Amino acid sequence: MTLYQPFLDAAIALLQERLDLQPYPIPVGFETKSAIAGKGKHQEEVLTTSYGYQAPKLRQIRAAHVQGGNSLQVLNFVIFPQLNYDLPFFGADLVTLPGGHLIALDMQPLFRDSSTYQAKYTQPILPIFESYQTRLPWGGEFPEEARPFFSPAFLWTRPQQTEVVETHVFAAFKEYLQAYLDFVDRAEPITSPSTLREIEQAQLRYLRYRAEKDPARGMFTRFYGAEWTEEYIHGFLFDLERKLVTTATTGCK
Ligand code: DBV
């Protein structure tokens, strides 16, 4: 059992329990991908497994799980709401590299600076965030340009010990996901054309940023090549732009 497998199992179990969960198509060739990395005695298989689901209010729920031995484990898990809801994104980036663990967990806002948006989607989770502050302290430096995409309840931490990941990070992950699903339960469709336009713009802004700046691009390119990596990023991990083009040109969803 690798470090983030229990996170993935718990998330899928919770989603199945609380949502009408359906599969989301994963492009052929991207469900699993494997390569051998390293040299000589340090050779190690790096296996990337993808998971995709959808639910009535949630356009895409997807996870990428990278398993490459003790010093390379990643679970990147994101929920993209349908464009007619003002729900935030659920974003988890759980990363273990030779240098240590790097944990990013948030309900990433569509509208970072709106006080009504914060009152609706950040204030309710601040008590959860605060309850982890002493055990999961602020992880320090992170890209300034990414700041608009995170909420004040952004849990960003670099634990020294694996045990902290297995206990406190795991607990925080499950609490954030439960709280997110509470928001989903309560969400009502948006009908105002101007708000719908703002939501689409905000989703595209987020998606373009993440696709362009994906911190895993270098790693995936080294293991699996540039062609596979770009297709994985734009065709699965951050696929909204392509889906919008398909809808516009064929009328299909
Ligand atoms: N990050 C992804 C996806 C990954 C992934 C899809 C499937 O968005 C993994 C894999 N994240 C990943 C890896 C690293 C990070 C780092 C492998 C380490 C990169 C390295 O050190 O080589 C949050 N993830 C990070 C960092 C941040 C995040 C801030 C440090 C990156 C840096 O120093 O530049 N999550 C990440 C992020 C956003 C987010 C930037 C922006 C909206 O939601």
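No experiment lies behind these values; they were computed from the predicted model shown.
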With rounding to the nearest 0.5 Å, note down the distance linking CG in Leu126 to CD1 in Ile128.
9.5 Å
Could you pull out all donor-acceptor pairs under 3.5 Å where a side-chain atom in residues 212-225 meets a protein atom, sequence neighbours excluded?
| unit_1 | atom_1 | unit_2 | atom_2 | d |
| --- | --- | --- | --- | --- |
| Lys213 | NZ | Glu145 | OE1 | 3.2 |
| Lys213 | NZ | Glu145 | OE2 | 3.1 |
| Asp214 | OD1 | Ala216 | N | 2.8 |
| Arg217 | NE | Glu230 | OE2 | 2.8 |
| Arg217 | NH1 | Ala211 | O | 3.0 |
| Arg217 | NH1 | Glu212 | O | 2.9 |
| Arg217 | NH2 | Ala211 | O | 3.0 |
| Arg217 | NH2 | Glu230 | OE1 | 3.1 |
| Thr221 | OG1 | Arg217 | O | 2.7 |
| Tyr224 | OH | Lys33 | O | 3.4 |
| Tyr224 | OH | Val46 | O | 2.8 |
| Tyr224 | OH | Thr48 | N | 3.4 |
| Tyr224 | OH | Thr48 | OG1 | 2.9 |

Does Arg205 pair with Glu200 as a salt bridge, N-O distance under 4.0 Å?
no
Can you pull the salt bridge (charged side-chain N to carboxylate O under 4.0 Å, His left out) pairs that have at least one residue in residues 77-103, sequence neighbours excluded?
Asp86-Lys120
Return yes when atom CG of Asn70 has more than 12 non-hydrogen atoms of other residues, nucleotides or ligands closer than 6.0 Å, and no otherwise.
no
Are the charged groups of Asp20 and Lys57 less than 4.0 angstrom apart, N to O?
no
Please say whether more than 12 non-hydrogen atoms of neighbouring residues, nucleotides or ligands are located less than 6.0 Å from CD in Glu130.
yes
Same cluster or not: Phe7 versus Leu47, using hydrophobic residues (I, L, V, M, F, W, Y) connected whenever any side-chain heavy atoms lie under 4.5 Å apart?
no
Checking Gln60 side chain against Phe236 main chain: does a donor-acceptor pair fall under 3.5 Å?
yes
Heavy atoms, side chains only, cut-off 4.5 Å: are Leu110 and Leu87 in contact?
no
Under the ring pair (Phe, Tyr, Trp, His ring centres under 6.0 Å) rule, what pairs show up with a residue in residues 15-63, not counting sequence neighbours?
Phe30-Trp228, Phe30-Tyr232
So for atom CD, which belongs to Gln160, do other residues, nucleotides or ligands contribute more than 12 heavy atoms lying within a distance under 6.0 Å?
no
Only one of Leu19, Val78, Ile12 passes side-chain contact (heavy atoms from CB on, under 4.5 Å) with Ile61, and that residue is Leu19
Decide whether Ser50 and Glu31 meet the rule of one side-chain donor and one side-chain acceptor closer than 3.5 Å.
no
In this structure, CG of Leu83 is separated from CG of Leu240 (nearest 0.5 Å) by 5.5 Å
Mind jotting down which residue pairs meet the ring pair (Phe, Tyr, Trp, His ring centres under 6.0 Å) criterion with at least one end in residues 90-127? Sequence neighbours excluded, please.
Phe77-Phe90, Phe90-Tyr180, Phe111-Tyr117, Tyr117-Tyr121, Tyr121-Phe183
In terms of side-chain heavy atoms, does Gln5 have a donor or acceptor partner in Asp9 at a distance below 3.5 Å?
yes
Within 45° of the ring axis of Phe89 and under 6.0 Å from its six-membered ring centre, is that where the NZ or CZ of Arg210 lies?
no
More than 12 heavy atoms of other residues, nucleotides or ligands under 6.0 Å from CZ of Arg135: is that the case?
no
Tell me which donor-acceptor pairs under 3.5 Å the side chains of residues 167-175 have, and how far apart each pair is, sequence neighbours excluded?
| unit_1 | atom_1 | unit_2 | atom_2 | d |
| --- | --- | --- | --- | --- |
| Thr167 | OG1 | Glu163 | O | 2.8 |
| Glu175 | OE2 | Tyr132 | OH | 2.8 |

Can you see whether Phe80 has Arg59 sitting over its ring - NZ or CZ less than 6.0 Å from the centre and within 45° of the normal?
yes
Is the gap between the ring centers of Tyr209 and Tyr206 under 6.0 Å?
no
Would you confirm whether Gln67, through its side chain, and Gln73, through its main-chain N or O, come within 3.5 Å as a donor-acceptor pair?
no
Under 3.5 Å, sequence neighbours excluded: what are the donor-acceptor pairs made by side chains of residues 146-156?
| unit_1 | atom_1 | unit_2 | atom_2 | d |
| --- | --- | --- | --- | --- |
| Arg147 | NE | Glu144 | OE1 | 3.4 |
| Arg147 | NE | Glu144 | OE2 | 3.2 |
| Arg147 | NH2 | Glu144 | OE1 | 3.4 |
| Ser151 | OG | Asp106 | OD1 | 2.6 |
| Ser151 | OG | Ala153 | N | 2.9 |
| Trp156 | NE1 | Gly140 | O | 2.6 |

